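Here is the structure we will look at.
Each chain gets a letter, A, B and so on, in the order the sequences are listed, and its residues count up from 1. Just so it is clear, the structure is predicted and the values come from calculations on it, not from any experiment.
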Amino acid sequence: MNKPVPPDKLITDEDGPLYAPRKKVFPQSVSGRFRSIKWRLMAVCLGVYYLLPFVRWHRGLGAPDQAVLIDFPNRRFYFFFIELWPQEVYYFTGLLVLAAFALFLMNALGGRIWCGYLCPQTVWTDLFYAVERLVEGDRRAQMKADAGPMTVKRAGRRVLKHAIWLTIAWWTGGAWVLYFADAPTLVRDLAAFQAPTIAYLWIAILTASTYLLAGYMREQVCVYMCPWPRIQAALTDEWALNVTYKYDRGEPRCSVKKAFDIRALGEKAGDCIDCNQCVAVCPTGIDIRDGAQLGCIQCGLCIDACDAVMTKVSRKTGLIGYDNDINVQRRIAGKEEIFKPVRARTVVYAGLITVVCAVMLYALMSRTLLDVNVLHDRNPIAVRLSDGAIRNGYTLRFLNKRGFDRVIAIDVDGPADAKLHVIGADSVTPDRPMIVLGRDTTTELRVLVTAPLDEKAEKSVPVTFRVTDIGLGEVASATDHFVLP
Amino acid sequence: MSEHNEIDRVSGRSTTGHEWDGIKELNTPLPRWWVLTFYATIIWAIGYWVVYPAWPLVSGYTTGLFQYSTRASVATDLADLEKLRGEKMAVLGNASLADIEKDPALLALARARGKTVFADNCAPCHGSGGAGAKGYPNLNDDDWLWGGSLDQIMQTIQFGARSGHAKTHEGQMLAFGRDGVLKKDEIVTVANYVRSLSGLSTMPKFDPAAGKKIFTENCTSCHGDSGKGNPELGAPNLTDQIWLYGSDEETLVETITNGRAGVMPAWVSRLDPVTVKALTVYVHSLGGGK
């Protein structure tokens, strides 16, 4: 096979390859305001993720005491004081709606600040970059080594880097499975190779994905794989504060000395000294001076880099900053800068967040811990008894979401003279069958309702089963129909 | 082929010589991993022939190295299942019928077991929910030909009715017409009398006294003086509103003329005692039994 023509050797544009190859990014370390915010947020995010499974929460005897636990075998989700059953997964829908609105609000206020500060891809990639710099040196050292031959020393450092990366990735996968079982027990089981296979499998999957996404794919995840840049581009507006190069102040770029000369002549020289520090520190390898672009994750590191340089050359900081094009234009026109965090868009998002929060809170507070469902017998739908009365059979399912056993009484409201017979009732005080519901369980019972329904009058009447907790007085009910054969 | 070895500048590959509207097709070979995977599947298939039963022969099949059989595998699974159930079923076997009905956990277990057994064995005649059909009793109501207590239901399930088993329920409705005991008009008269017992309408010019006389002379030995029936003989109660074969005059005439003798098989030899127990509890709970 012939060797392909390298892109830079192609004669015309028409001959060029369809895709540009990836240029490896070596972001330089930087310090400053936004970097320290990022360090702190990283510490909080990782701290919560790694430590949360070990937080205990007392729920009473026999119940799990893990604060956050997704208990698949028993089909329960525990989140501090909240215990959710499978039929209550709509709370997660609410949570997702809330997350979406929060993302919209963030976007309307500060552009992609989610991407720059909180997104797991950013947090872990940042951590991996820090490890890389620690082991292989900063931008220059890395670039030099990358261009040079492989030496024993370099190979050793590379092995060390990957070992640390893999340890972090493995710890990340390990922390994930701890949310699905009692954490201290699972840690012991994992160490003794006695944990379920699925746990090892998930650790392997998440180790691999963390290692690959944060170690190798890095900014490519944000640029090529993530849908959020595309969505947020459609959601943003001209008032959102994005990381912006203030070209009104920066252009035309020239060195400090040249600028001094030009200004001495009374002409305009920009504040940008074209030092390229903003490009060097960018984790996605873009040049912010090209304007707002898809690759920008709004992490603000270029602001830190630029501010450091501006301070060094004794110029005003903030040449790159959270700003928008409206202000750039206003400054050009000699008008005052304005910021409008409160506008229709943000108010609506904030309002919607409040509404969803309120609805969820209300649903959570008013949810019943005693519930009953009814299922009418389908075959036969109704039975005629020897004395001409009609009997309908139902299956009642009781849910006791409390952590203790309780005694309930069952009543029926429906056709006139309806008689209730509960098969397997523990005791029957005059016409009031009672049963014991086990703690945190469902109980299914068959009940028969007998009534002399008048064929000429009606074919079907509603019937309501009312369940009353004898001790607490909690009531639940379910309605179905009583029908003729 | 010489005319096809044009080289594409960008990719460095030769073209196939195919061209559509100026777009040329590259002669790109299949990826190596794909080809290797393909060969691997062929080798895998050959291995499969050897290891597992694969080839049908004239009067059999190749059995393979492992003697694997899906039938044997199902049998093993079923045996494992029985073993798994064994402990719980033993508890069910040791408890009395009344005890099972009193204990919610045992009741749920017996009903669950009974439901599947019912679907497998009883549903063809009695319907999937036990609603019955003409000639096959509805098990959800409160009318029981051979008695509706737990013990009576178990007795009926075990030995059946007119099943030929030594302990079976015996007793049948005689063929009064076919055997020449009653004449056609007498049958019509007594059929109307029977209808009147449960308050159903009678034909015009019906003579209750004549009906009662025929009934007393021929029917009371089984159905009782007042027609309330007799569970010992499986004789139905003729005064209630439940009719196994139908209550219209034509059906009653047919019943009295030719008799009825529905058969319920004996299950004692087909189902184990614990299963019969579970089935009894299930059937009893369908309509609450008696």
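Close approach to chain A, defined as a heavy atom under 4.5 Å from one of its heavy atoms, is seen in no residue of residues 219-238 of chain B.
Checked by atom type and distance alone, the side chain of A/R384 never pairs as donor or acceptor with a backbone atom of B/I242 at under 3.5 Å. Side-chain atoms of A/R391 come within 3.5 Å of backbone atoms of B/N140 as a donor-acceptor pair (strictly under, hydrogens ignored). The backbone N or O of A/S386 sits nowhere less than 3.5 Å from a side-chain atom of B/D141 that would complete a donor-acceptor pair.
Contact between B/A131 and A/N379 at its shortest, heavy atoms only, is CB-OD1, 3.9 Å.
More than 12 heavy atoms of other residues, nucleotides or ligands lie within 6.0 Å of CZ in A/R367, so this atom counts as buried by the packing criterion. Atom CG of A/D417 has 12 or fewer neighbouring heavy atoms from other residues, nucleotides or ligands inside a 6.0 Å radius. Applying the 6.0 Å contact sphere to OH of A/Y224 captures no more than 12 heavy atoms from other residues, nucleotides or ligands. Within 6.0 Å of atom NZ in A/K24, more than 12 heavy atoms from other residues, nucleotides or ligands are found, so the atom counts as buried in its surroundings. Within 6.0 Å of the CD atom in B/E87, the count of heavy atoms belonging to other residues, nucleotides or ligands does not exceed 12. Remark: A/F180 CZ is packed, more than 12 non-hydrogen atoms of other residues, nucleotides or ligands lying under 6.0 Å away.
Contacts of B/L150 classified as side chain to side chain contact (heavy atoms under 4.5 Å, CB included), with partners at least two apart in sequence or in another chain: B/L97, B/E101, B/T280, B/H284.
When heavy atoms are compared at a cutoff of 4.5 Å, B/N138 approaches chain A solely by way of its side chain, counted from C-beta outward.
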